[in-house]
Amino acid sequence: MNSTPETDAKTLRDAMKGIGTDEDAITLLVANRTNLQRQNIHAAYNKLFGRDLLKDLKSELSGNYEDAILALFDTPANYDAKQLRKAMEGMGTDESSLIEIIATRTSNQLNQVKLAYKTLYGKDLEKDIASETSGYFKTLLLTLLNNVRSDNKFPNEDQCKVEAELLYEAGEGTWGTDESVFIKIFTQRSPFELACIEKHYHQKTGKFLNQVIENEFSGDVKRLLLTIIHAMINPANYFATRVNKAIKGWGTNDNLLIRVLVTRDEIDMPEIKKEYQKLYGKDMLQDIKDDTSGDYKKLLVELA
């Protein structure tokens, strides 16, 4: 039988009715629907039962499993907006989350995130970012949020060569670093153009751009520029490193692990698994299984 939002809503209601909760039924259904289908299930549930699905899920579930299920019912823009808010709340700022989200989303996605942030919190995302950050790090983040990145898929080789030369003259080829040139090129060029610029830079100097950034920059600016070049040229490889960061060593960074699996679920999960295997010589699913437990583990494995 083909599922409809109504039949799926009934399945979820049955899983939560009465004594106890059928987490396996919830996991199997939620992990195997697209985000759009989950939005439709949410609407159907509220209409059919006169109850709020998210409130029911919250009252029945707990811990990381609850967090992951609720994340899957968020729209991508709302979820990113909430994650950015979380990164800036309270004492200190989680720069790593700001970098990952703002540096890897398309201009269209960032536009939607800004709208969602305004709707959810009644505030401008740019203003909050500006008050939480400083210096070139702030400039870079705000420039990325201003959506100036090209979407050109067919780079002009001559232009790439010129810009590779400009980067050389702003970094290795001079005393000190002209940050403005790096900021302009890294925030305005499409993934295809950046790959083309890197090719010409390597032909000229024998170095890759990440090596140049390592030598010329430090701190959060360095991390942000490295993320841009990594995520734009090879996103699956970048997100494989994020999964590994979430699970290596003592303890698990569950927020990071959930975020990567939820946000990449319909984009490039098979490629991320391949890159993970190449990078670490291990099976990503097995590493996730070894690091998590219970219903939370079942859900993440089903997602990945």
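Everything numeric here is computed off the predicted structure, so don't read it as measured data.
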* To do: State the OG1-CG distance between Thr11 and Leu29, to the nearest 0.5 angstrom.
  => 5.5 Å
* To do: Please check if Leu279 and Leu256 belong to a single hydrophobic cluster, counting links between Ile, Leu, Val, Met, Phe, Trp and Tyr side chain heavy atoms closer than 4.5 Å.
  => yes
* Asked: Is a side-chain donor or acceptor of Thr205 paired with a backbone partner of Lys207 at a separation under 3.5 angstrom?
  -> yes
* Looking only at atom types and distance, does a side-chain atom of Asp268 sit under 3.5 Å from a main-chain N or O of Pro235, one as donor and one as acceptor? -> no
* Is there a path from Leu303 to Leu28 through hydrophobic residues (I, L, V, M, F, W, Y) whose side chains come within less than 4.5 Å of each other? -> no
* Got a second to check how far Leu110's CG is from Leu125's CG, nearest 0.5 Å? -> 8.5 Å
* Shortest non-hydrogen contact from Leu53 to Asn46? -> N-OD1, 3.0 Å
* Side-chain donor/acceptor of Lys114 to backbone N/O of Leu145, under 3.5 Å -> yes
* Asked: Do the side-chain N and O atoms of Gln39 and Asn35 include a donor-acceptor pair separated by under 3.5 angstrom?
  -> yes
* **Pair Glu6 + Lys47, salt bridge at N-O below 4.0 Å** => no
* Does a salt bridge link Arg85 with Asp128, judged by any charged N lying under 4.0 Å from a carboxylate O? -> yes
* Structure fact -> When rounded to the nearest 0.5 Å, the distance separating CZ of Arg242 from CG of Asn244 is 11.0 Å
* Output yes when a side-chain donor or acceptor of Ser150 lies under 3.5 Å from a complementary backbone atom of Asn152, and no otherwise. => yes
* Asked: Does the Tyr65 side chain pair with the main chain of Gly294, one donor and one acceptor, at a distance under 3.5 Å?
  -> no
* **More than 12 heavy atoms of other groups within 6.0 Å of Asn215 CG** => yes
* To do: Mind listing the closest non-hydrogen atom pair of Glu126 and Leu142 along with its distance?
  => O-CD2, 3.5 Å
* Asked: Under the 3.5 angstrom rule, does the side chain of Gln211 hit a backbone N or O of Phe208 as a donor-acceptor pair?
  -> yes
* To do: Say whether Ile233 and Phe217 are linked into one hydrophobic cluster, either directly or through other cluster members, by side-chain heavy-atom distances under 4.5 angstrom.
  => yes
* Asked: How far does CD of Gln286 sit from NZ of Lys289, to the nearest 0.5 angstrom?
  -> 5.5 Å
* Tell me, with the steps shown, if Arg38 and Asp74 meet salt bridge (charged side-chain N to carboxylate O under 4.0 Å, His left out). => CA-CA 9 Å; Arg38 289 190 286 265; Asp74 252 330; over 6 Å; no
* ILVMFWY cluster, Met269 and Tyr280 together (side-chain gap under 4.5 Å) -> yes
* Asked: Under 3.5 Å, is there a donor-acceptor pair between the His200 and Glu165 side chains?
  -> no
* Are any side-chain N or O atoms of Gln109 and backbone N or O atoms of Thr106, one a donor and one an acceptor, separated by less than 3.5 Å? -> yes
* **Working for side chain to side chain donor-acceptor pair (under 3.5 Å), residues Asp67 and Tyr296** => CA-CA 9 Å; Asp67 290 344; Tyr296 175 51; over 6 Å; no
* Under-4.0 Å salt bridge between Lys86 and Asp94 -> no
* Do other residues, nucleotides or ligands put more than 12 heavy atoms under 6.0 Å from the NZ atom of Lys245? -> no
* May I ask you to decide whether Glu216 forms a salt bridge with Lys222, counting only side-chain N to carboxylate O separations under 4.0 Å? => no
* Between Arg149 (side chain) and Phe186 (backbone), is there a donor-acceptor pair under 3.5 Å? -> yes
* Asked: Can you list the residues that meet the ring pair (Phe, Tyr, Trp, His ring centres under 6.0 Å) rule with Tyr45, with sequence neighbours excluded?
  -> Phe49
* Salt-bridge test for Lys55 and Asp52: reply yes if a basic N is under 4.0 Å from a carboxylate O, no otherwise. => no
* Identify the heavy atoms of Ala71 and Tyr79 that sit nearest to each other, and give their distance. => CB-CE1, 3.4 Å
* Structure fact -> Taken to the nearest 0.5 Å, the spacing of Leu57 CG from Ser62 OG works out to 12.0 Å
* **side chain to side chain donor-acceptor pair (under 3.5 Å) between Glu271 and Tyr276, intermediate numbers included** => CA-CA 9 Å; Glu271 290 81 9; Tyr276 193 97; over 6 Å; no
* Asked: Please walk me through it: do Asn210 and Glu214 pass side chain to side chain donor-acceptor pair (under 3.5 Å)?
  -> CA-CA 6 Å; Asn210 63 332; Glu214 287 281 0; over 6 Å; no
* Main-chain N/O of His230 paired with Asn234 side-chain donor or acceptor, under 3.5 Å -> no
* To do: Kindly determine whether Asn78 and Tyr117 satisfy side chain to side chain donor-acceptor pair (under 3.5 Å), including the steps that lead there.
  => CA-CA 7 Å; Asn78 271 8; Tyr117 195 92; over 6 Å; no
* **SB check Asp220 Arg223 (cutoff 4.0 Å)** => yes
* **Test item: Glu193 side-chain N/O and Ser190 main-chain N/O as donor-acceptor pair under 3.5 Å** => yes
* Structure fact -> Here the gap from Lys123 atom NZ to Met88 atom CE, rounded to the nearest 0.5 Å, amounts to 8.5 Å
* Do NZ/NE/NH1/NH2 and the carboxylate oxygens of Lys58 and Glu66 come within less than 4.0 Å? -> no
* Going by the salt bridge (charged side-chain N to carboxylate O under 4.0 Å, His left out) test, which pairs reach into residues 291-304, not counting sequence neighbours? -> Asp24-Lys298
